[in-house]
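Computed over heavy atoms, backbone and side chain alike; hydrogens, waters and symmetry mates excluded.
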Amino acid sequence: MYEKTKYLIILLTVTSQIGAIVAIFFNVTLAIALAIIYGISLISLITIFIVERRKEKKEEINYDDFDY
């Protein structure tokens, strides 16, 4: 579940950033809206990566055969 969501948010982040840059030349209001979408998706993506990393660290600590 997380993989599909993560890739979808990455796609949203990239397209909204590129769209905001292109929209600056044509429509400033649209560019601002895309920049806001970019910010929200970037924050959610960073949050997902932090949660996954903490989960991986917790699994590493509980791993029994790490000192062989």
Side-chain angles (χ1 to χ4, degrees):
M1 183 180 112
Y2 272 129
E3 292 296 318
K4 289 183 181 180
T5 306
K6 187 169 50 175
Y7 290 133
L8 209 84
I9 293 175
I10 290 172
L11 180 68
L12 178 66
T13 304
V14 170
T15 54
S16 61
Q17 182 181 20
I18 293 171
I21 292 170
V22 171
I24 287 174
F25 300 109
F26 302 111
N27 190 352
V28 177
T29 308
L30 179 63
I32 292 171
L34 287 173
I36 291 171
I37 292 170
Y38 167 70
I40 292 170
S41 62
L42 186 65
I43 290 171
S44 64
L45 187 64
I46 290 171
T47 304
I48 288 173
F49 282 147
I50 289 172
V51 167
E52 282 186 353
R53 182 65 183 144
R54 285 187 179 173
K55 193 181 299 181
E56 287 176 5
K57 283 297 234 185
K58 188 180 281 187
E59 290 174 359
E60 285 179 9
I61 292 172
N62 293 331
Y63 189 63
D64 292 331
D65 295 330
F66 68 91
D67 56 326
Y68 51 90

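Ile24 and Val28 make their closest contact through O-CG2, 4.2 Å (heavy atoms, listed as atom of the first residue, atom of the second, distance).
For residues 11-30, no residue pair satisfies the salt bridge (charged side-chain N to carboxylate O under 4.0 Å, His left out) rule, not counting sequence neighbours.
By the side-chain hydrogen bond (donor to acceptor under 3.5 Å, both in side chains) test, Ser16 is found to be paired with no residue, residues two or more places apart in sequence or in another chain being considered. When the side chain to side chain contact (heavy atoms under 4.5 Å, CB included) test is applied to Leu30, the partners found at least two apart in sequence or on another chain are Ala23, Asn27, Leu34. Scanning for side chain to side chain contact (heavy atoms under 4.5 Å, CB included) contacts around Tyr7 gives Glu3, Ile10, with sequence neighbours left out. Applying the salt bridge (Lys or Arg N to Asp or Glu O under 4.0 Å) rule to Arg54 yields no partners; only residues at least two apart in sequence or on another chain are considered. In this structure, the side chain to side chain contact (heavy atoms under 4.5 Å, CB included) partners of Ile36, at least two apart in sequence or on a different chain, are Ile32, Ile40. For Ile43, the side chain to side chain contact (heavy atoms under 4.5 Å, CB included) partners two or more places apart in sequence, or in a different chain, are Thr47.
Listed by chain and number, the hydrophobic cluster partners of Tyr38 are Leu42, Ile46, Ile50, where partners are ILVMFWY side chains within reach of under 4.5 Å, directly or through others. The hydrophobic side chain of Leu8 is isolated, with no ILVMFWY side chain under 4.5 Å apart from it.
Ion pairing of Glu56 with Arg53 is present here, as a side-chain N (NZ or NE/NH1/NH2) and a carboxylate O approach within less than 4.0 Å.
When the options Ile9, Thr13, Val14, Thr15 are evaluated for a side-chain contact (heavy atoms from CB on, under 4.5 Å) with Leu11, the one that passes is Thr15.
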